[in-house]
Amino acid sequence: MRFSKAYIPTTKEAPKDAQLPSHIYLSRAGFVTQVAAGLYNFLPMGKRVLRKIENIINEEMAACDAQEVDLSFVTPAELWQESGRIEKFGKELLRFRDRKENLFVLGPTHEEMMVNIVRNRVTSYKQLPINLYQIKTKFRDEARPRFGLMRGREFVMKDGYSFHSSTEDLDREFDAMEAAYKRILERLGLAFRVVEADSGAIGGTGSKELMVLAGSGEDTLAVCDSCEYGANVEAARRAPRSSVPEAPSADFARFKTPAIKSIEDLSNFFHVDPYYTLKAVVQRAVYTESSELVCFFIRGCDELQEVKARNSVGAIDLVDATEAELIEIGLIPGFIGPIDQDKIRIVMDNDTKGATTMICGANEADYHFVGVDLSVMNEAHFADLVSVQEGDGCPHCEGKILHTKGIEVGHIFKLGTVYSAPLKAEFLDENGRAQPFIMGTYGMGVSRLVAAVIEQHHDEKGCIWTHATAPYMVNVMVSNIKEESHLAYAEELYTALQSNGIEAMLDDRKERFGFKMSDAELIGFPYTVIVGKELDNGLVQIMIRKTCEIISVDASDVLNKIKELCQ
RNA sequence: CGGGGCGUAGCUCAGUCUGGUUAGAGUACUUGGUUUGGGACCAAGGGGCCGGAGGUUCGAGUCCUCUCGCCCCGACCA
């Protein structure tokens with residue numbers, strides 16, 4: 001492409017609404033423009049990057065025998081009523097009626113549609129497994145779109161769905177998809193981590209997220225400093241403590257603790273490590289039709305992880321209980337304990353199971369119990385409730401957990417029969433019995449990946465595209481187009497690059513050197529060949545965007561040098 | 001949905017507090033000229049429903065009411 005004919009509207013100043021580097025540089029370099037909150041146009045450069053990523057996904061999917069389809073963006077609301085998700089999705093589903101007053105939604109994801117196209121058509125175990133996917137615009141009317149392409153309302157997602165006759169076969173496909181997703185991210189040149197994720201309300205037997213590591217990521221990850229283990233903090237586990245503080249020695253007793261309410265006060269009052277105290281966190285658990293107060297007990301040194309707590313009681317939401325609510329049901333804030341507790345539903349953290357010499361509230365104002373043996377609670381409801389902290393032990397090795405930030409670019413999920421059962425999508429097994437499909441789902445945020453590449457690869461001058469994502473690999477820049485011999489040389493090189501299969505731009509604009517260099521850096525072509533006054537000495541320069549290093553090369557050898565660099 | 005901020009030229013912004021010539025700057029754009037290895041210079045131009053509606057006033061970009069939009073924090077969501 002000739003720059004003089006290209007539509008690449010670069011600007012010196014960033015739009016005032018842009019905050020993240022990806023948003024700033026993709027806007028300034030003319031890759032995208034904003035239309036409205038969470039809606040973006042892809043201009044020629046942006047579209048090329050998008051297509052690069054799509055092509056890589058298509059290649060890797062083909063290698064796994066996944067087949068591409070293209071389902072209607074507008075989907076009948078009845079399908080969503082059938083699966084029950086029309087209520088669950090709420091306002092995120094953009095609904096509208098056509099001229100005949102039929103209700104439709106813009107597809108935010110396509111489980112229902114995908115199940116719909118195989119049900120009653122795939123009817124035998126002999127036709128399984130099948131893996132179908134599409135790369136398509138999705139629409140979710142997010143409450144708060146933000147960060148440019150990172151969290152748009154309209155976005156491009158690769159969504160894949162697999163159908164199996166057994167959980168073993170689903171496991172195999174799940175692993176194959178994980179491997180394919182890893183290859184895709186490796187090819188894109190991204191540093192990432194595969195982490196265990198919360199399966200949440202959707203259920204299923206497990207899910208993993210693919211996280212591109214970047215400080216601007218919205219998710220916090222717990223990762224091991226020495227092995228591959230990583231998890232979203234919502235789902236992170238930790239090793240049992242290898243050493244615990246010295247246990248206090250105390251017989252069971254009811255102890256007067258006037259106005260001692262917080263864990264810190266309690267710890268100081270008894271000169272005991274918070275590890276041996278029991279923290280009570282009361283929350284109102286909200287369900288579809290009702291709500292109730294629940295008290296979560298964890299060790300005083302731990303923090304409650306809200307998603308884990310929510311999952312432990314199957315709630316849709318947890319909100320902090322007020323003191324008034326506690327008092328109303330007869331609890332005494334600051335002195336709540338699990339012993340002989342019948343006023344509230346309780347959930348105990350796994351780490352408190354069988355704990356001894358504990359201190360906990362006595363359910364009586366100004367009194368705590370000391371020397372408590374929690375094995376009396378062995379019949380209680382136990383669950384993993386705590387937030388994994390930095391420095392905790394890795395559950396898989398001797399390493400330590402660190403926290404880091406990530407951008408979720410992929411999420412793969414073992415769905416089981418969560419959708420196939422309610423939608424009655426069934427096949428006949430070897431015994432002639434009808435079974436619902438066992439399903440997996442595999443998502444990848446394609447437009448989000450465009451932003452993720454820049455979050456990970458930019459500097460103060462602009463974008464730095466990786467080889468696989470660059471809109472063009474090489475930019476041939478003519479320093480002064482009035483020098484006819486220079487322009488002629490550049491034209492020749494430009495043609496030669498293309499005939500060698502290297503995508504190239506020719507900057508033939510009547511602009512000054514500095515202006516064109518700044519554009520080249522802002523747009524972020526991996527390599528810019530500078531054709532200028534050194535050509536009279538038989539030399540041209542190659543600017544390597546990643547390092548901004550400029551190397552001199554014999555003018556007759558540039559093509560080979562570029563080929564070498566592109567390896 | 002709660003809290004905060006902002007809407008003036010294509011873009012970034014001044015002017016609004018304290019109402020009063022023809023609404024400004026930088027940048028971008030057009031034309032001519034000089035330049036040509038780090039976003040050049042000179043000259044001449046074009047470009048505005050001051051987000052929208054209503055009100056106060058002799059007079060509103062500026063004051064009041066309502067409304068729409070965008071951004072940030074949180075809630076929510078993947």
Side-chain angles (χ1 to χ4, degrees), chain A residues 9-20 23-24 27-30 33-40 85 88-93 108-109 111 138-148 150-153 155 157 159 195 197-202 207-211 217-219 232 234-235 286 306-307 310 316-320 406-413 441-445 447-448 461-462 477-483 486-487 507 509-523 528-537 539-541 543 548 550 552:
Chain A
T10 60
T11 61
K12 259 191 215 181
E13 281 174 295
K16 66 172 175 191
D17 292 337
Q19 306 282 328
L20 290 194
H23 193 189
I24 291 170
S27 301
R28 282 193 53 208
T33 58
Q34 184 173 7
V35 182
L39 305 180
Y40 291 84
R85 283 213 292 184
K88 201 181 260 174
F89 249 93
K91 287 185 176 172
E92 264 187 55
L93 267 184
T109 173
E111 281 82 5
K138 301 289 184 293
F139 192 91
R140 295 181 189 176
D141 201 356
E142 291 270 356
R144 186 149 103 78
R146 57 188 135 171
F147 304 142
M150 211 63 90
R151 183 173 288 276
R153 290 191 293 170
F155 56 98
M157 181 163 90
D159 50 323
V195 302
D198 170 44
S199 297
I202 299 173
S207 79
K208 289 185 179 179
E209 292 168 326
L210 286 95
M211 293 284 187
E218 293 187 79
D219 293 272
N232 195 311
E234 297 171 353
V286 180
E306 206 176 308
V307 174
R310 196 200 304 155
I316 295 169
D317 192 18
L318 289 183
V319 290
D320 290 343
I407 301 165
E408 183 196 341
V409 296
H411 197 166
I412 58 176
F413 226 108
T441 181
Y442 319 96
M444 189 166 252
S447 46
R448 182 179 280 184
K461 290 178 172 177
M477 192 201 88
V478 188
S479 179
N480 180 357
I481 59 161
K482 285 188 179 169
E483 295 285 347
H486 296 181
L487 186 58
D507 195 346
R509 292 175 299 173
K510 185 180 173 299
E511 295 289 350
R512 296 166 67 91
F513 177 83
F515 184 90
K516 293 205 258 195
M517 279 297 282
S518 296
D519 263 1
E521 286 158 346
L522 176 60
I523 295 165
T528 293
V529 178
I530 303 166
V531 180
K533 57 192 180 189
E534 284 295 309
L535 184 62
D536 300 337
N537 303 321
L539 295 173
V540 296
Q541 283 73 47
M543 190 269 286
C548 286
I550 295 181
S552 265

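Owing to the predicted nature of the structure, the values given are computational and were not obtained by experimental measurement. Throughout, a chain's letter reflects where its sequence line sits, starting with A, and its residues are numbered from 1.
- Nearest-nucleotide positions on RNA chain B place A/A14 closer to the 5' end than the other of A/G148 and A/A14.
- B/C13 atom C1' lies 8 Å from atom CD of A/E13, rounded to whole Å.
- Judged by Watson-Crick or G-U wobble contacts below 3.5 Å, the nucleotide B/C29 has B/G45 as its partner.
- Within the nucleic acid shown, A/E92 comes within 4.0 Å of sugar-phosphate atoms alone, with no base atom in reach, counting heavy atoms only.
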At under 4.0 Å between heavy atoms, which parts of nucleotides 33-46 of chain B does protein reach? Answer with one letter per nucleotide, 5' to 3': B base, S sugar-phosphate only, - none.
--BBBBBB------
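- Under the Watson-Crick or G-U wobble criterion, with both distances below 3.5 Å, B/G59 is left unpaired in every strand shown.
- When each of A/K91 and A/E306 is assigned the nucleotide of RNA chain B with its nearest heavy atom, A/K91 is the one assigned upstream, toward the 5' end.
- If you take atom C1' in B/G19 and the same atom in B/A25, they sit 23 Å apart, rounded to whole Å.
- Looking at heavy-atom distances under 4.0 Å, A/A18 makes no contact with the nucleic acid at all.
- The interatomic distance linking A/R144 (CZ) with B/C73 (C1') rounds to 6 Å, in whole Å.
- Pairing for B/A40 goes to B/U34, judged as Watson-Crick or G-U wobble with the two contacts each under 3.5 Å.
- Among the heavy atoms of the strands lying under 4.0 Å from A/A143 is at least one base atom, whether or not backbone atoms are also near.
- Considering only the side chain of A/F147, B/C73 comes nearest among B/U12, B/C73, B/C76.
- Between A/E218 atom CD and B/C77 atom C1' the separation is 10 Å, expressed in whole Å.
- With B/C73, B/C71, B/C6 as the choices, the nucleotide that has an atom nearest any side-chain atom of A/Q34 turns out to be B/C71.
- A/R140 comes within 4.0 angstrom of sugar-phosphate atoms only, judged by non-hydrogen atoms across all strands, and of no base.
- Picking from B/C73, B/C70, B/U12 the nucleotide with the shortest atom distance to the side chain of A/P15 gives B/U12.
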